[in-house]
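Bear in mind the structure is a predicted one, so any value in this text is a computation, not a measurement. Atoms within a ligand are numbered from 1 in the order they appear, just like the ligands themselves.
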Amino acid sequence: MVPQILVVEDNAVNMKLVCELLGYEGYRMLQATDAEEAMGILQRCIPDLILMDIALPGMDGLTLTRQIKADEKTAQVPVVALTAFAMKGDNLKAVAAGCDGYITKPINTRELPAEIAAFLGRAGTGAEGTPHEDPGH
Ligand code: MN
């Protein structure tokens with residue numbers, strides 16, 4: 001089964017870049033440009049990974065992550081924050097909000113596929129020093 005990845009990102013350039021890179025790797029991509037759209041998608045399907053921009057119009061990515069992690073239907077889905085390099089505190093905030101890890105923007109096009117594969121490979125085992133137990137995986 002080809003992994004399905006939901007990208008929540010309001011920046012059209014970043015969205016296109018991520019979806020082209022990961023689509024080329026064979027992943028099935030789902031796209032949401034804000035939290036509301038993401039929640040609508042999560043009502044219909046549970047992706048294998050969520051790439052979450054922190055700065056979104058309306059509800060921000062940290063709040064959306066907290067909701068995803070508080071809902072038993074989606075709590076096990078790894079959430080990887082997309083944080084801006086200039087916003088240094090965002091990585092810690094992302095982990096505190098329940099993100100399983102983070103990728104710093106600008107996105108490194110050479111490294112992104114391997115980073116995503118690593119997050120998928122250790123899905124449910126925690127990442128980036130955030131221990132959590134998941135005996136189901
Ligand atoms: Mn944004």
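Counting only protein atoms, the N, O or S atoms lying less than 2.8 Å from the Mn ion (ligand 1) are Asp10 OD1, Asp53 OD2, Ala55 O, ordered by chain and residue number.
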Can you check side chain to side chain contact (heavy atoms under 4.5 Å, CB included) on Ile41 and Val8, steps first, answer last?
CA-CA 11 Å; Ile41 290 171; Val8 188; over 6 Å; no
Check the pair Glu9 / Val18 against side chain to side chain contact (heavy atoms under 4.5 Å, CB included), numbers first and verdict last.
CA-CA 10 Å; Glu9 167 67 85; Val18 168; over 6 Å; no
Output, in order, the C-alpha distance, side-chain angles, deciding distance and verdict of side chain to side chain contact (heavy atoms under 4.5 Å, CB included) for Leu82 and Asn14.
CA-CA 10 Å; Leu82 295 170; Asn14 277 334; over 6 Å; no
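In this structure a side-chain-to-backbone donor-acceptor pair under 3.5 Å is missing from Asp60 to Ala55.
The number of heavy atoms from other shown groups lying within 6.0 Å of CE (Met87) does not exceed 12.
Residue pairs meeting the side-chain hydrogen bond (donor to acceptor under 3.5 Å, both in side chains) criterion with at least one partner in residues 80-90, sequence neighbours excluded, are Thr83-Asn91.
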